[in-house]
Enquirer: 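Take a look at the following structure, please.
Chain letters run A, B, ... following the sequence lines, proteins first, then strands; residues in each count from 1.
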2 protein chains.
Amino acid sequence: MLRLSKLSDYGTVIMAHMAREPARSVSAAELADAVGLAPTTVSKVLKLLTRAQLLGSRRGVHGGYALARSPEEISLAQVIAAVEGPIGVTECGAAAGLCAQEAACPSRASWLRVNRVVHEALDGVSLAEFARPAPPPATPVNLAAIHPGGGHTCAP
Amino acid sequence: MLRLSKLSDYGTVIMAHMAREPARSVSAAELADAVGLAPTTVSKVLKLLTRAQLLGSRRGVHGGYALARSPEEISLAQVIAAVEGPIGVTECGAAAGLCAQEAACPSRASWLRVNRVVHEALDGVSLAEFARPAPPPATPVNLAAIHPGGGHTCAP
DNA sequence: GTCATTTGGTACCGATTCAGTCCCGTTTTG
DNA sequence: CAAAACGGGACTGAATCGGTACCAAATGAC
Ligand code: FES
Ligand code: FES
């Protein structure tokens with residue numbers, strides 16, 4: 001399915017929530033309540049996001065998390081990479097490439113292209129536009145054709 | 001990691017191999033030997049590809065598999081969808097959408113856009129260009145920046 | 001007609017990965 | 001010092017995935 005992991009999904013929901021009130025510091029517990037997920041799970045994701053420097057944190061009695069940058073400067077790609085590691089649909093190129101004659105692989109170029117496009121697509125969506133009703137969808141999209149079904153988490 | 005499943009990877013390798021000699025009918029065993037994977041596994045993937053009408057099959061003593069269409073008319077998206085089901089990084093929109101007020105979801109539009117771009121990227125690569133050294137990579141790509149490491153299967 | 005060959009379908013099991021929880025240490029404030 | 005909150009792992013149960021095996025159906029050779 002080429003699907004995002006649940007944790008990444010949570011990450012986007014959490015970040016979207018925070019983007020609606022940037023500069024405000026919220027605790028993990030409060031956030032968990034807001035998005036309707038288990039506090040421990042939210043906490044785990046917050047730690048990952050903080051480690052990736054997307055969030056700033058303060059400990060202690062009035063501690064909490066806050067966006068490290070403005071929502072316009074944080075992309076979906078950054079959020080996803082923070083939670084589930086580097087983005088890439090294939091993992092060719094590097095070390096243990098089981099490819100034919102190592103460098104002379106016919107498919108490599110194609111995979112690189114796909115990887116690049118995917119990364120750019122994710123990087124082209126900022127938290128700002130992700131969190132708000134999205135003014136104009138740039139290019140009109142045929143909803144039914146593209147979008148297969150499932151059901152994923154979203155902030156209430 | 002937003003990674004492709006192994007089986008899908010196998011699928012692409014197998015299809016690439018067949019695209020190099022279209023119109024030739026090969027048995028699962030021969031193919032397995034060619035790509036260096038377990039015959040049973042190759043067989044499993046071939047069944048999926050056949051069910052999706054990307055391959056034609058013939059049973060019996062001189063049976064085997066062959067491309068159902070020309071390599072130019074088969075895209076990576078089709079191969080991947082055949083092996084691991086419909087492509088989509090998120091599964092919002094459909095039935096069990098746990099979203100806020102069902103239709104009025106701020107993030108939905110963004111996800112749809114991402115899904116569309118990913119699908120188009122995969123659909124824009126035909127087996128023909130995937131199987132051959134790829135004449136000119138259209139837009140020049142910065143290899144190092146985009147491509148994180150791993151190592152995936154490739155036909156020898 | 002019978003048998004070897006090759007695909008079709010499905011069920012199954014082991015291994016890996018993922019999601020979720022918990023515990024304990026550290027920092028901050030009252 | 002005590003309470004509130006984050007930081008970093010470790011651990012566990014569940015779900016998924018990869019791989020294998022088995023048997024039925026089709027085809028062609030003899
Ligand atoms: S090494 Fe990546 S496609 Fe061959
Ligand atoms: S339902 Fe998909 S983002 Fe809200």
Enquirer: What nucleic acid atoms does B/Ala28 come within less than 4.0 Å of, heavy atoms only: base, sugar-phosphate, or nothing?
Expert: sugar-phosphate
Enquirer: Looking at B/Arg24 and B/Glu30, is any side-chain nitrogen of the basic one under 4.0 Å from a carboxylate oxygen of the acidic one?
Expert: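 A salt bridge is present here (some side-chain N lies under 4.0 Å from a carboxylate O).
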Enquirer: Give the nucleotide from the list C/dT26, C/dC22, D/dG18 with an atom nearest to the side chain of B/Lys44.
Expert: D/dG18
Enquirer: Can you tell me the distance, in whole Å, between the CG atom of B/Leu7 and the C1' atom of D/dT16?
Expert: 12 Å
Enquirer: Check the distance between C/dT21's C1' and A/Lys47's NZ and give it to me in whole angstrom.
Expert: 10 Å
Enquirer: Output the single nucleotide from D/dT20, C/dT29, D/dG7 whose closest atom is nearest the side chain of A/Ser57.
Expert: D/dG7
Enquirer: Whether A/Arg3 contacts D/dT16 is assessed here as follows: a side-chain N or O lying under 4.0 Å from the phosphate OP1 or OP2. Is that the case?
Expert: no
Enquirer: Tell me which nucleotide among C/dC22, D/dC6, C/dT7 gets nearest to the side chain of B/Arg59.
Expert: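 That would be C/dT7.
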Enquirer: Between A/Ser43 and B/Pro39, who's closer to the 5' end of DNA chain D by nearest nucleotide?
Expert: A/Ser43
Enquirer: Between B/Arg3 and A/Glu84, is there a side-chain N and carboxylate O pair less than 4.0 Å apart?
Expert: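 No salt bridge links B/Arg3 with A/Glu84.
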Enquirer: Taking 4.0 Å as the cut-off, does a side-chain nitrogen or oxygen of B/Thr41 come that near to OP1 or OP2 on D/dT20?
Expert: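 Yes, B/Thr41 has a side-chain N/O under 4.0 Å of OP1/OP2 on D/dT20.
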Enquirer: Examine C/dA19: is either OP1 or OP2 under 4.0 Å from a nitrogen or oxygen in the side chain of A/Tyr10? Give yes or no.
Expert: no
Enquirer: Figure out the CD/P separation between A/Glu84 and C/dT17, and round it to whole Å.
Expert: 14 Å
Enquirer: Of the non-hydrogen atoms in B/Ser25 and B/Ala66, which two are nearest, and what is the gap between them?
Expert: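 Closest approach of B/Ser25 to B/Ala66, heavy atoms only: CA-CB, 4.3 Å.
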Enquirer: Distance check needed: C/dG20 P versus A/Leu37 CG, whole Å only.
Expert: 8 Å
Enquirer: Rounded to the nearest Å, what distance is computed from the CD atom of residue A/Glu30 to the C1' atom of nucleotide D/dA5?
Expert: 13 Å
Enquirer: Compare every heavy atom of B/Leu67 with every heavy atom of B/Pro22, then report the nearest pair and how far apart it is.
Expert: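 Taking B/Pro22 first and B/Leu67 second, the nearest heavy atoms are CB-CD1, 4.1 Å.
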Enquirer: To the nearest Å, give me how far apart CZ (A/Arg51) and P (D/dG9) are.
Expert: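 Rounded to the whole Å, the gap is 6 Å.
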Enquirer: Side chains of B/Ile87 and B/Asp123, heavy atoms from C-beta outward: is any pair under 4.5 Å?
Expert: no
Enquirer: Base, sugar-phosphate alone, or nothing: which one does A/Ser5 contact when heavy atoms must sit under 4.0 Å apart?
Expert: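 The answer is sugar-phosphate, as A/Ser5 gets under 4.0 Å only of primed atoms, P, OP1 or OP2.
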Enquirer: Quick one: B/Leu46 CG to C/dT6 P, roughly how many Å, whole number?
Expert: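 From B/Leu46 CG to C/dT6 P: 14 Å.
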Enquirer: Tell me which of A/Gly63 and B/His62 sits closer to the 5' end of DNA chain D, going by the nucleotide each one is nearest to.
Expert: A/Gly63
Enquirer: Could you give the CG-to-P distance, from B/Leu2 to C/dT17, as a whole number of Å?
Expert: 17 Å
Enquirer: Would you indicate, yes or no, if C/dT6 has its OP1 or OP2 atom less than 4.0 angstrom from a side-chain nitrogen or oxygen of B/Tyr65?
Expert: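 Answer no for this pair, as no side-chain N or O of B/Tyr65 is under 4.0 Å from OP1 or OP2.
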Enquirer: Classify B/Thr50 by what it touches in the nucleic acid, base, sugar-phosphate, or nothing, heavy-atom distance under 4.0 Å.
Expert: sugar-phosphate
Enquirer: Tell whether B/Lys6 reaches the base of D/dG18 with its side chain through a donor-acceptor pair below 3.5 angstrom.
Expert: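 By the distance-only test, no, there is no pair.
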Enquirer: Answer yes if the side chains of B/Ser43 and B/Thr40 hold a donor-acceptor pair under 3.5 Å, and no otherwise.
Expert: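 Judged by distance alone, the side chains do not pair up.
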